[in-house]
Amino acid sequence: MITLSIVIPVFNEKEYLGEILRRVLAVPLPGVSRELIVVDDCSSDGTRELLRNLPDLVGAMGEEVEIKVIFQEVNQGKGAALRRGFAEATGDIVLIQDADLEYDPTEYPKLLAPVLDGKADVVYGSRFSGGQAHRVLYFWHALGNRFLTLASNALTNLNLTDMECCYKVFRREVLQKLHLEENRFGIEPEITAKVAKLNCRIFEVGVSYAGRTYAEGKKIGWKDGVTALWCIFKYNLWSRGQRAGREGA
């Protein structure tokens with residue numbers, strides 16, 4: 001049986017945490033066992049207390065799934081939480097899931113299909129392809145995402161439509177070669193640059209998107225966009241860590 005490790009970075013998601021875990025556990029995945037790795041990035045809103053009472057949070061649905069909860073003692077960012085989760089993953093396939101309900105776990109089967117069929121090493125979700133439903137929100141965010149994807153594509157020679165999408169799926173052997181460094185949202189272009197250098201078989205599938213407003217808890221801002229642009233150049237053109245990634249391949 002194939003084992004899927006689902007890595008969920010969490011920071012101040014008390015309102016949504018129980019629901020996202022229930023949705024993740026409810027997805028039918030025949031022939032696939034699940035391992036959930038929840039990494040709390042030093043939340044201060046009561047999220048940590050909820051995670052310490054996980055049986056009450058997920059109920060009986062979690063009894064057949066291994067759930068690991070990791071508490072970061074200092075807030076470091078999404079990238080650091082993902083790196084910690086990746087290090088703990090033992091599954092054959094690793095999938096990233098945000099905790100904020102913007103992305104729908106019922107789409108796991110189509111995200112996993114190219115890997116399970118032996119066609120892909122890495123799968124990206126895309127909010128901008130496939131005609132899936134998405135909430136209409138910020139024009140400048142969408143434009144910024146497309147610009148960052150274009151800049152990344154120009155240097156990786158990939159034709160992704162949504163480099164910044166949360167949903168990314170990896171064969172664990174690929175993930176172990178990436179030598180990731182970024183602590184915050186710069187991990188998205190870093191992953192893309194290093195996967196491209198490994199000449200992986202990359203697929204992209206359309207996913208739905210129910211974005212949040214800042215009033216609802218959205219955390220990424222324009223400064224993260226500037227950092228992402230810097231990381232695109234850093235990891236594609238001159239990063240020592242990138243050379244290490246290529247040597248590890």
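For the numbers below, each heavy atom of this structure counts, side chains included, while hydrogens, waters and symmetry mates do not. It should be emphasised that the depicted structure is a prediction, and the values quoted were computed from it without experimental measurement.
- Using modelled atom types, no side-chain atom of Arg184 and backbone atom of Thr227 make a donor-acceptor pair closer than 3.5 Å.
- Both Phe71 and Ile20 are part of a single hydrophobic cluster, where members link through side-chain heavy atoms under 4.5 Å apart.
- Residues Gly91 and Arg172 come closest through the heavy atom pair O-NE, 2.6 Å.
- Using a 3.5 Å distance cut-off with no hydrogens or angles, the side chains of Ser5 and Glu35 do pair a donor with an acceptor.
- Relative orientation of the Tyr103 and Tyr209 rings is tilted, given thresholds of 30° and 60° on the angle between their planes.
- Considering every non-hydrogen atom in both Ala81 and Pro9, the closest pair reads CB-CB, 3.8 Å.
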request  = With side-chain contact (heavy atoms from CB on, under 4.5 Å) as the test, would you mind laying out the steps for Phe128 and Thr149 before giving the verdict?
outcome  = CA-CA 11 Å; Phe128 306 130; Thr149 298; 5.7 Å; no
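- Between Leu116 and Ile93 the shortest side-chain heavy-atom distance falls below 4.5 Å.
- Taking each heavy atom of Tyr167 and Ile96 in turn, the nearest pair found is CD2-O, 3.2 Å.
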query = Going through the checks in order, is the salt bridge (Lys or Arg N to Asp or Glu O under 4.0 Å) test met by Arg127 and Asp162?
reply = CA-CA 7 Å; Arg127 296 163 290 181; Asp162 192 6; 2.7 Å; yes
task = Any chance you could lay out the side-chain contact (heavy atoms from CB on, under 4.5 Å) test for Met163 and Ile232, step after step, and finish with the verdict?
result = CA-CA 11 Å; Met163 178 270 296; Ile232 288 170; 4.1 Å; yes
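- At distances below 3.5 Å, not a single donor-acceptor pair connects side-chain atoms of Lys194 with backbone N or O atoms of Tyr235.
- Residue Asn236 holds its CG atom at 10.0 Å from CG of Asn153, rounded to the nearest 0.5 Å.
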request  = Just do the side-chain contact (heavy atoms from CB on, under 4.5 Å) check on Phe233 and Leu155 with the steps written out, would you?
outcome  = CA-CA 8 Å; Phe233 289 102; Leu155 295 180; 3.9 Å; yes
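- Between Ser208 and Glu107, the side chains place a donor N or O and an acceptor N or O closer than 3.5 Å (distance only, hydrogens not considered).
- At most 12 heavy atoms of other shown residues, nucleotides or ligands fall within 6.0 angstrom of atom CG in Asn157.
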request  = Step by step, work out the salt bridge (Lys or Arg N to Asp or Glu O under 4.0 Å) result for Lys168 and Glu188.
outcome  = CA-CA 9 Å; Lys168 293 179 176 65; Glu188 306 289 2; 2.6 Å; yes
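- Checked options Leu95, Asp98, Leu21; the residue passing with Ile8 is Leu21 (criterion: side-chain contact (heavy atoms from CB on, under 4.5 Å)).
- Follow the hydrophobic side-chain contacts under 4.5 Å out from Trp230 and you reach Phe147 in the same cluster.
- The salt bridge (charged side-chain N to carboxylate O under 4.0 Å, His left out) test with Glu182 singles out one residue from Arg83, Lys78, Lys234, and that residue is Lys234.
- No side-chain donor-acceptor contact under 3.5 Å links Asn183 to the backbone of Gln76.
- With Lys197 contributing its side chain and Leu178 its backbone, the two residues share no donor-acceptor pair below 3.5 Å.
- For Thr90 against Lys68, the heavy-atom pair with the smallest separation is CG2-NZ, 3.8 Å.
- Here Glu173 contributes atom CD and Asp92 contributes atom CG; the two are 7.5 Å apart, rounded to the nearest 0.5 Å.
- Considering all non-hydrogen atoms of both residues, Thr106 and Val27 come closest at N-CG2, 3.9 Å.
- Residues Val74 and Leu82 do not share a hydrophobic cluster, defined by chaining ILVMFWY side chains whose heavy atoms lie under 4.5 Å apart.
- Within the 4.5 Å cutoff, the side chain of Ile70 has heavy atoms near those of the Ile37 side chain.
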request  = Could you please spell out the steps behind the side chain to side chain donor-acceptor pair (under 3.5 Å) verdict for Ser129 and Glu204?
outcome  = CA-CA 9 Å; Ser129 70; Glu204 190 177 55; 4.5 Å; no
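- Contacts of Arg146 classified as side chain to side chain donor-acceptor pair (under 3.5 Å), with partners at least two apart in sequence or in another chain: none.
- Between Asp104 and Val207 the shortest side-chain heavy-atom distance does not fall below 4.5 Å.
- Counted within 6.0 Å of CG on Asn159, heavy atoms from surrounding residues, nucleotides or ligands total 12 or fewer; the atom is thus considered open.
- Between the side chains of Thr192 and Ser152, no donor-acceptor pair of N or O atoms lies under 3.5 Å.
- Val169 and Met1 are not part of a single hydrophobic cluster, where members link through side-chain heavy atoms under 4.5 Å apart.
- Checking side-chain atoms of Ser126 against main-chain N and O of Val205 turns up no donor-acceptor pair under 3.5 Å.
- In this structure, CD1 in Ile2 is found 14.0 Å from CZ in Arg34, a value given to the nearest 0.5 Å.
- Here CD of Glu190 is found 11.0 Å from NE2 of His179. Values are rounded to the nearest 0.5 Å.
- Residues Leu150 and Leu160 do not share a hydrophobic cluster, defined by chaining ILVMFWY side chains whose heavy atoms lie under 4.5 Å apart.
- To the nearest 0.5 angstrom, Tyr108 atom OH is 4.5 Å from Ile6 atom CD1.
- Note that CG of Asp41 and CZ of Arg84 are 11.0 Å apart. Values are rounded to the nearest 0.5 Å.
- Closest of all the heavy-atom pairs between Pro105 and Gln97 is CG-OE1, 3.7 Å.
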Evaluation steps, side-chain contact (heavy atoms from CB on, under 4.5 Å), between Cys42 and Arg48 = CA-CA 8 Å; Cys42 201; Arg48 293 168 82 86; 4.1 Å; yes
